[in-house]
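Let me begin by presenting the structure, written as structure tokens, before commenting on it.
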Number of protein chains: 2
Amino acid sequence: MGSNQLYKGSLATIILKLLEEKGRMYGYQITQEVKAISAGEFVITEGALYPMLHKLEADGMLTVETEMIGNRMRKYYSITHDGKKEVVDRMAEMEAFIRHMQTLLNPNIELA
Amino acid sequence: MGSNQLYKGSLATIILKLLEEKGRMYGYQITQEVKAISAGEFVITEGALYPMLHKLEADGMLTVETEMIGNRMRKYYSITHDGKKEVVDRMAEMEAFIRHMQTLLNPNIELA
DNA sequence: CCATATACCTAAGAATTTTAGGCAAAAATA
DNA sequence: TATTTTTGCCTAAAATTCTTAGGTATATGG
């Protein structure tokens, strides 16, 4: 990951959430979308992406459909029912993480 | 870290920021403070804490003063000038991370 | 007296990511 | 048209960071 190294541990969450929203996507498309959304700050390396996609598929979070575009293979991933359950948990964790981080790192802000 | 594995990569940031605010602290105190602030969700293991404190000291981010409390050693850490510069960068990264995460994960919110 | 809390530490292993490749088609550019 | 860049898939070794699982020892509360 280019500059920001904090995203460590959140790659699976990013992938699952993106697929939940956008429907099916292929690997390269995910890297471009995340880069675009994060203004170039989250650069998912392929060495991290593809093993993670394979792991999420093996864990039953994603399914794959291979299509031929011209002479080229493209693998579209979709989120499963289990994946949608997983994303709910991961989102709750992410929100808790952000909340606690803000408490830790912005102690000036008064909490109600 | 107990359940949440998202904090990976943020341990150094937490330590530096805490020391910047609270002045000097010792290792065990840091673990208790973080646990208290995060409502028990961030549990820093000692196997992660002490190597990180040593690394930050080696990198010139922290200095140590050893004191004897009764018959027991206590090592107080303080942030250095370089550490304060580092914490500025890390806070900016953290804010960017949180901002991009919210964009990625809460796409319903309209951005101005 | 004994268990728990305090307080330091290290080392092996696990998990996740970077680095550094490989392969090949399609598109852009020179 | 020739060459470079982009697209698109992949793997394996190394690095990073953390967990697990110890070790040592004092202080405190029951």
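The sequence lines fix the lettering, A, B, ..., with proteins before strands; numbering per chain opens at 1.
For the pair B:Lys8 NZ and D:dA15 C1', the interatomic distance rounds to 14 Å; values are reported in whole Å. Atom pair A:Lys35:NZ and D:dG8:P shows a separation of 13 Å (rounding to whole Å applied). Atoms CD1 (A:Ile15) and P (C:dT16) sit 12 Å apart, rounded to a whole Å. Atom CE of A:Met52 is separated from atom C1' of C:dT16 by 7 Å (rounded to the nearest Å). Rounded to a whole Å, the NZ atom of A:Lys55 is 15 Å from the P atom of C:dA14. Nucleotide C:dT17 holds its P atom 9 Å from the CD1 atom of A:Ile14, rounded to whole Å. Atom CE of A:Met68 and atom C1' of C:dA25 are 10 Å apart (whole Å). Rounded to whole angstrom, the span from the OH atom of B:Tyr28 across to the P atom of C:dA5 amounts to 8 Å.
Contact annotation: A:Tyr26 reaches the phosphate of D:dG8 (side-chain N/O to OP1 or OP2, under 4.0 Å).
The hydrophobic cluster containing B:Tyr77 does not contain B:Met73, counting ILVMFWY residues as joined when their side-chain heavy atoms lie under 4.5 angstrom apart, directly or transitively. Under the 4.5 Å side-chain heavy-atom criterion for Ile, Leu, Val, Met, Phe, Trp and Tyr, B:Ile69 and B:Val64 are members of distinct hydrophobic clusters.
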Report each atom pair, protein N/O against N/O of nucleotides 10-13 of chain D, whose distance is under 3.5 angstrom.
from, atom 1, to, atom 2, distance (Å)
D:dC10, OP1, A:His54, NE2, 3.3
D:dC10, OP1, A:Lys75, NZ, 2.5
D:dC10, OP2, A:His54, NE2, 3.4
D:dC10, N4, A:Glu46, OE1, 3.1

Between protein and nucleotides 27-30 of chain D, what N or O pairs are separated by less than 3.5 Å?
from, atom 1, to, atom 2, distance (Å)
D:dA27, OP1, B:Asn71, N, 3.0
D:dA27, O4', B:Arg72, NH1, 3.4

Run the salt bridge (charged side-chain N to carboxylate O under 4.0 Å, His left out) test on A:Glu33 and A:Lys22 for me, step by step, so that the C-alpha distance in whole Å, both residues' side-chain angles and the decisive distance to 0.1 Å come before the verdict.
CA-CA 10 Å; A:Glu33 188 78 13; A:Lys22 308 268 177 178; 3.0 Å; yes

Carefully, step by step, assess A:Arg99 and A:Glu95 under the rule salt bridge (charged side-chain N to carboxylate O under 4.0 Å, His left out).
CA-CA 6 Å; A:Arg99 191 156 21 84; A:Glu95 277 166 31; over 6 Å; no

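Remark: the A:Arg90 side chain and the A:Thr13 side chain contain an N/O donor-acceptor pair separated by less than 3.5 Å.
Proximity of A:Leu49 to A:Thr45: side-chain heavy atoms (C-beta onward) are nowhere separated by under 4.5 Å. Residues A:Met61 and A:Ile79 have side chains not in contact (no heavy-atom distance under 4.5 Å, counting atoms from C-beta outward). At a threshold of 4.5 Å between non-hydrogen side-chain atoms, the residues A:Phe42 and A:Lys35 do not count as touching.
Ion pairing of A:Asp89 with A:Lys85 is absent here, as no side-chain N (NZ or NE/NH1/NH2) approaches a carboxylate O to less than 4.0 Å.
Taking for each of A:Tyr76 and B:Leu49 the nucleotide of DNA chain D with the nearest heavy atom, the 5'-most of the two is the partner of A:Tyr76.
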